[in-house]
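One structure is given below, encoded as structure tokens.
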2 protein chains.
Amino acid sequence: MSSLDGPANIPVPPPILNPAGGANQVRVRAYNERLVLSLVRLYGALSKADIARRSGLSAQTVSVIMRVLEKEGLLSRGEPVRGRVGQPSIPMHINPDAVYSFGLKMGRRSADLVLMDFVGRIRMQLHRTYAYPLPDEILAFVTSGIRELEDRLDDKQRGRIAGLGIAAPFELWNWAEEVGAPPGAMDVWRDVDLQADIAARVSHPVFMQNDATSACGAELVFGVGPSYPDFVYFFIGSFIGGGIVLNSAIFSGRTGTAGAIGPLPVRGKNGETMQLLEIASIFVLENMLRERGIDPEPLWYSADGWVDFGEPMEAWIQDSAKALAQAIVAAASIVDFSAAVIDGGFPDWVRSRVVQATIDEAAKLDLQGVVMPEIIEGAVGAQARAIGGASLPIFARYLTDQNVLFKEVDHAERT
Amino acid sequence: MSSLDGPANIPVPPPILNPAGGANQVRVRAYNERLVLSLVRLYGALSKADIARRSGLSAQTVSVIMRVLEKEGLLSRGEPVRGRVGQPSIPMHINPDAVYSFGLKMGRRSADLVLMDFVGRIRMQLHRTYAYPLPDEILAFVTSGIRELEDRLDDKQRGRIAGLGIAAPFELWNWAEEVGAPPGAMDVWRDVDLQADIAARVSHPVFMQNDATSACGAELVFGVGPSYPDFVYFFIGSFIGGGIVLNSAIFSGRTGTAGAIGPLPVRGKNGETMQLLEIASIFVLENMLRERGIDPEPLWYSADGWVDFGEPMEAWIQDSAKALAQAIVAAASIVDFSAAVIDGGFPDWVRSRVVQATIDEAAKLDLQGVVMPEIIEGAVGAQARAIGGASLPIFARYLTDQNVLFKEVDHAERT
DNA sequence: GAATTAATAATTCAATTGGATTTATTTATT
DNA sequence: AATAAATAAATCCAATTGAATTATTAATTC
């Protein structure tokens, strides 16, 4: 048949991939255990028979796995469900006190340290505001904060802490002037490896992730995630950022910046091309207030401290909504997200107004051929970043990313 | 500790997910077999020991698996490699004649039917052009074409045909006037299920996928894919379309339209907002030529039939490059792709000019904060859609999507 | 209405299956 | 002699299969 050869010889560049490894029994068991835990978390409470049906595993296998998880204290049994023919089923649920985790949200205006339990509830928290962050102060806040919170736990509880997850912005030194930091004051951050510095002072495993990505992760697990297999997420903080969920898993991309979204080009009020973050960020509102002689301090202290600032705030919401609507159309043209989720470091009533305005603005755009996502409010709220941070240690150890058996290799490894 | 409860009760919507099932040994073997095949394909030729190292599987396991694959004729052994200490290693490579597959590319101007071998080479092909496609003619072309090509094979070869993969545009009836079809002529396509109709007339399994996504798949496997773990792909046909590769796997999204890219809003020549497909599509060039009294027929017959059309073509390339550059920035703001790959149904020299122009235009945009992908030419070329189509049956049966053990459930199942 | 029997479903026990690993051996080379 | 590839045999381990146990509701009989 070689005489029939058509146009051939497609050049194949040298492979750079390091595909995931092979499968074996040990990994299969680890995977199935995580799967079971994740299913229980997703549905709140499931019997062994339920898990067997939903996982496709045999009843016996599920029985064995769940007995182990119960023995380890990760699962606990609920009240038997009667009323149906047959032996009553025993719903198993996640034991909220099985695992605790610290989450640190470090921002341009404030830091939060939270202790989260195994079902995503904040059990304790500390808060600090500042004009701009400095490494030493952050380090002191974390180390003393962890000590303080741990003091309130007993020995047994302390032993169940899975680790500390940090949610922090990328490249803090950028855009420093926009938020009023003295020129050069943020340059110290260029040489700081916060994760390493904290790890050296804390006796727990330390994880770190972009703050908006973390918030997105919190939304995935504890918010609207279970209802939408993929969504684009916007978190409006001092600077707007975002994240991407695909196949019910965070997609953080090659450089970890997927879903950063801030630099997305949009058309500004006067038709000029601007970056999304120059419009839909809280620092913009802050500057608008300052220009009008209004004290913006209430913006930082706590999301609940916001008041209705009137006209400048309405203008900011309108501008932001216009920009967000464009960003959503652009995102939808690239991936057919089922939802666009908007949340931020502000009270719920502000979020509602932003989302409604964005829905209105989106309707005015040219949507031919675009599969538009549902535009909805985030369900987690202002603390999403800290919660997302705190989830990192828990997910690394106990839960599965949808259907990926073996985690992607580290970025460093794939050179 | 419950007295310390912080802000809690995050509402959890009803789960809609049907996460992937559990793992077991049978699936593990199937997965490992595909992994081995994929590794051999990726690297061209690897010894059993190499595979063991790269997969993390034990030498014995790999030995067993590869002997089976060799016995099945999928792998064949190369010349022993001497010159190093120890027993010489025997590189195993994919047997190109182990599996054949048909690929049908159906477009607005022409259709191609190809027979592809197991390493992605086109062995035979048929081509047909038309003013616009009609279901009956396409059906006749495929059925008679397959018969004709199969006649040139012997019985043994015929038995190795894995199936037929169709690459066709979404919603053919849209934009019909733009390409000069009589009003309403394309409406017949609304009620046609091409995949089912062809499957009823052909004795092979039939697969179908969007044409641009198919081209993207061909690029992933046979083109630049091995060098870039994620990229956004543009295929410039009668209409521009595209695809997305994440973690070395096609991402086709919830509705199968991820990476459609056509409706992406960009700024046109006069500052007005337009959709990418209204600028960077071959039908636009076609119309430009017609306006100037130039016969556009050479555009359709074959990519090699193109001639340099001079000024109108240069203008089209410039306009397209401006639009593509904006699309790439938008895509990069959402996902940090390592590359943006541009290919199309045109000769290589046109592709080179488009890519160079796009690189130049991208440099003029505001890139602060954007992780820009490398803008590169596709390595597969004008036949990418047909090759991608032909890969569908092969991939469904023999190769793995990176590290996903169990394929995502069908979209229909996840309601 | 109470007692009895059948049907159903959840769970577990015991035996089997099958694929990966481990250990030891053979082969071919520098 | 050292090294590396390849394979054979024995072992291990998690999932499955099929049977048994348990707890319940539903239907029937007295």
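Worth knowing before you read on, the calculation uses all heavy atoms, side chains too, and leaves out hydrogens, waters and symmetry mates. Chain A is the first sequence line, chain B the second, and so forth, proteins listed ahead of strands; every chain is numbered from 1.
Side-chain nitrogen and oxygen atoms of A:Lys48 include none within less than 4.0 Å of the OP1 or OP2 phosphate oxygen of C:dA9. For D:dA4, the OP1/OP2 oxygens have no side-chain nitrogen or oxygen of B:Arg53 closer than 4.0 Å. The side chain of A:Ser63 contributes an N or O atom lying less than 4.0 Å from OP1 or OP2 of C:dT12.
Ion pairing of A:Asp155 with A:Arg160 is absent here, as no side-chain N (NZ or NE/NH1/NH2) approaches a carboxylate O to less than 4.0 Å. Salt-bridge check for A:Asp336 with B:Arg254: failed, with every basic side-chain N at 4.0 Å or more from each acidic carboxylate O.
Figure legend: cation-pi geometry between A:Arg54 and A:Tyr43, with NZ or CZ positioned under 6.0 Å from the six-membered ring centre and within 45° of its axis.
With hydrogens and angles ignored, the 3.5 Å screen pairs a side-chain donor or acceptor of A:Arg158 with a backbone N or O of A:Leu153. A donor-acceptor pair is defined here as one N or O able to donate and one able to accept, closer than 3.5 Å; such a pair exists between the side chain of B:Arg34 and the backbone of B:Arg397.
Checking D:dA5, C:dT11, D:dA8 against the side-chain heavy atoms of A:Ser47 singles out C:dT11 as nearest.
Remark: P of D:dA6 and CZ of B:Arg77 are 9 Å apart, rounded to the nearest angstrom. Atom CD1 of A:Ile51 and atom P of C:dA10 are 13 Å apart (whole Å). Rounded to whole Å, the distance from CD on B:Gln87 to C1' on D:dA4 is 8 Å. Here D:dA6 presents its C1' atom at 13 Å from CG of B:Asp50, a figure rounded to the nearest Å. The CG-P distance, from B:Leu69 to C:dG19, rounds to 13 Å in whole Å. Spacing between atom CZ of B:Arg54 and atom C1' of D:dA5 amounts to 16 Å, rounded to whole angstrom units. If you measure from atom CD1 of A:Ile90 to atom P of C:dA10, you get 12 Å, rounded to the nearest angstrom.
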Sugar-phosphate or base contact per nucleotide [nucleotides 13-18 of chain D; S, B, -; heavy atom under 4.0 Å]: BBSBB-

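Pairing of D:dA15, defined by two Watson-Crick or G-U wobble distances under 3.5 Å, is identified with C:dT16.
Taking both residues in full, the closest heavy atoms of A:Gly78 and A:Ile90 are given as O-CG2, 3.9 Å, listed atom of the first, atom of the second, then distance.
In this model, a donor atom of one side chain and an acceptor atom of the other lie less than 3.5 Å apart for A:Ser338 and A:Asp230.
For the pair A:Ile65 and A:Ile51, the minimum side-chain heavy-atom distance is 4.5 Å or more.
Counted within 6.0 Å of CZ on B:Arg84, heavy atoms from surrounding residues, nucleotides or ligands total 12 or fewer; the atom is thus considered open.
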Give each protein N/O atom lying under 3.5 Å from an N/O atom of nucleotides 25-28 of chain D, with the pair distance.
none

